Amino acid sequence: MANVFSSIKSAYKLFKHIDFNQLDALAKKVDLPKMVETISSLDDKQLAGMMKLMGGTNKVKELPPIEGDFYHLGDEALHDEDRALQLKVRAFLEKEVQPIVNHYWNKAEFPFEIIPKLAELNICGLTYKGYGCPGKSNLMEGILAMEMARIDTSISTFFGVQSGLAMGSIYLCGSEEQKRQWLPSMQQFKTIGAFGLTEPEVGSAAAGGLTTTCKRVGNTWTLNGQKKWIGNATFADILIIWARDLADNEVKGFIVKKDNPGFAVEKMQDKMALRIVQNGIITLTDCKVDEFDRLQNANSFKDTAKVLQMTRAGVAWQAVGCARGAYENALAYTRTRKQFGKPIASFQLIQNHLVEMLSNLTAMQTLCFRLSQLQDQGLLKDEHASLAKVFCSLRTRDVVSKAREVMGGNGILLEYNVARFVADAEAIYSYEGTKEINTLIVGRAITGFSAFV
């Protein structure tokens, strides 16, 4: 009797969901008993396929998260406090910078309103000890450089000039009095710095060919010459100027103030990359600088090179960020862009491009992680930083190219957030030492022979 009632109950539930008018219409078109027999003989996989074909499920496919750190290096390497700082900086960039960056990039202007907000993050001069600086690891600094470049390479470059090149010159080559005078205010972005090494006719040959000169008479130095491609130059309060001493032919460093007589700067126009960075051409005409403002521990280009070695690692991390931003934007695009009735991310050729991009990105990340570990251990050499710069800037070019490719024509539009990365990758490829110069640094280290001309 129980089985009878169970059958009646099941039949009642079934009848509640049957439209008998539709069932009658269907019976006139097909052999209904035969169709029921056929369907009941299908296995679970066949039934699922048939239901999918019939549109019998409204379940939205859950996609994996978009994550450029495929090997979870950040999760493993950072303790909780630093991981929280990384996520805080990421949130700031996504909220405050991402919405405005295309506007400023297109106009080749700088978003000065973000500077006080950057100061609140307390990340400037991240690795320096004392003078109001946090004293954190080089690995943490590299990761934050990557986070900035992931949103925009120009903002990362602005920060790198301020925190790395300008502050680093004073931290590594300045006197104790100079450090106390400038580093705390620079750390809070109350004083903006720039770094003047490259010249109109001297880029890679800066080690021995600076045409900007300095001459000392008493306690006053006179500087003459020009500098080119100087980031932050148009609005910096102080500029680190490197010049060749006419007395001993050695390179000296100076802290030059923006209102110093004999100092002039002109903004460079019509750049195709790093358009937010305000690069300037500096002209020094009998510019007078007090001996007190000469970097007291910068007596040759070897001292300049200490600063470049430190910041070159940061540029490798910038390359990672540029590649990661392009990859993540491209991946997101392929999952929503539909052609032939389905997302292009489901196409084999698109997946091949995405995996190649991720492979390059992951190799770059692991290389930079090890580079920063060497730096934190005090084992970093010029050739280590140069190898990372060579490899990462090359691979970034590959990644951004494929990111643009999978986006088709939309890849050249700013609104899709990849065109900037394509252009900026070209600047990363050249600045802080070209591929050729960095290759020769590594080549000298591994062969024992210098191929420099």
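A quick note: this is a predicted structure, and the numbers were derived from the prediction, not measured. Heavy-atom basis, side chains included; hydrogens, waters and symmetry copies ignored.
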J.: Which residue pairs pass the ring pair (Phe, Tyr, Trp, His ring centres under 6.0 Å) test when at least one of the two sits in residues 247-274, sequence neighbours left out?
T.: W221-F254
J.: Does G325 offer a backbone N or O that forms a donor-acceptor pair with the side chain of N329 under 3.5 Å?
T.: yes
J.: May I have the list of side-chain donor-acceptor pairs in residues 230-237 shorter than 3.5 Å, sequence neighbours left out?
T.:
residue, atom, partner, partner atom, Å
N232, ND2, G193, O, 3.2
D237, OD1, K258, NZ, 3.3
D237, OD2, I192, N, 2.8

J.: Can you pull out every salt bridge (Lys or Arg N to Asp or Glu O under 4.0 Å) where at least one residue sits in residues 164-189? Sequence neighbours excluded, please.
T.: E176-R180
J.: Scan for side-chain hydrogen bond (donor to acceptor under 3.5 Å, both in side chains) pairs involving residues 76-95, sequence neighbours excluded, and state none if there are none.
T.: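 Non-adjacent pairs meeting side-chain hydrogen bond (donor to acceptor under 3.5 Å, both in side chains): D75-R83, H79-D82, E81-K136, D82-K136, R83-Q86, Q86-E147, R90-E147, E94-R150.
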J.: State, without any angle test, whether T211 and E201 hold a side-chain donor-acceptor pair at a distance under 3.5 Å.
T.: no
J.: Can you name the residues that form a side-chain contact (heavy atoms from CB on, under 4.5 Å) with S346, not counting sequence neighbours?
T.: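 In terms of side-chain contact (heavy atoms from CB on, under 4.5 Å), with neighbours along the sequence ignored, S346 is linked to K342.
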J.: So which pairs with a foot in residues 270-283 pass salt bridge (Lys or Arg N to Asp or Glu O under 4.0 Å), sequence neighbours left out?
T.: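 Residue pairs with at least one partner in residues 270-283: there are none.
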J.: Establish, from distance only, whether the side-chain atoms of N297 and D303 form a donor-acceptor pair under 3.5 Å.
T.: no
J.: For R444, check salt bridge (charged side-chain N to carboxylate O under 4.0 Å, His left out) against everything at least two apart and list the hits.
T.: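 For R444 there are no salt bridge (charged side-chain N to carboxylate O under 4.0 Å, His left out) partners, ignoring immediate neighbours.
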J.: Could you walk me through whether E356 and K402 pass salt bridge (Lys or Arg N to Asp or Glu O under 4.0 Å), step by step?
T.: CA-CA 9 Å; E356 286 186 4; K402 284 187 170 59; 3.3 Å; yes
J.: Whether the Q226 and T212 side chains hold a donor-acceptor pair (N or O, under 3.5 Å, no angle test) is what I'd like checked.
T.: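 There is no such pair between these side chains.
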J.: Output a table of donor-acceptor pairs, distance under 3.5 Å, between side-chain atoms of residues 104-111 and any protein atom two or more places apart or on a different chain; print 'none' if there are none.
T.:
residue, atom, partner, partner atom, Å
Y104, OH, E113, OE1, 3.3
Y104, OH, E113, OE2, 2.9

J.: Would you check if there is a donor-acceptor pair between the side chains of S393 and K435 at a distance under 3.5 Å?
T.: no
J.: Enumerate the residue pairs fulfilling ring pair (Phe, Tyr, Trp, His ring centres under 6.0 Å) with a member in residues 405-426, sequence neighbours excluded, ordered by first and then second residue.
T.: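 Applying ring pair (Phe, Tyr, Trp, His ring centres under 6.0 Å) to every pair that reaches into residues 405-426, excluding sequence neighbours, yields Y333-Y416.
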J.: Check the side chains of W317 and S156 for a donor-acceptor pair under 3.5 angstrom, ignoring hydrogens and angles.
T.: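 Not at all, the side chains of S156 and W317 share no donor-acceptor pair under 3.5 Å.
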J.: I'd like to know if the side chain of E426 pairs up with that of Y431 as donor and acceptor (distance under 3.5 Å, no hydrogens or angles considered).
T.: no
J.: Under the ring-ring contact (aromatic ring centres under 6.0 Å, His included) test, which residues partner Y171, sequence neighbours left out?
T.: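 Counting only residues at least two positions away or on another chain, Y171 forms a ring-ring contact (aromatic ring centres under 6.0 Å, His included) with Y128.
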J.: Please list, one pair per line, the donor and acceptor atoms closer than 3.5 Å that link side chains of residues 114-126 to other protein atoms, with sequence neighbours excluded.
T.:
residue, atom, partner, partner atom, Å
K117, NZ, E96, OE1, 3.0
N122, OD1, Q187, NE2, 2.8

J.: Can you sort out the partners of E291 under salt bridge (charged side-chain N to carboxylate O under 4.0 Å, His left out), two or more places apart, ordered by chain and number?
T.: R216, R294
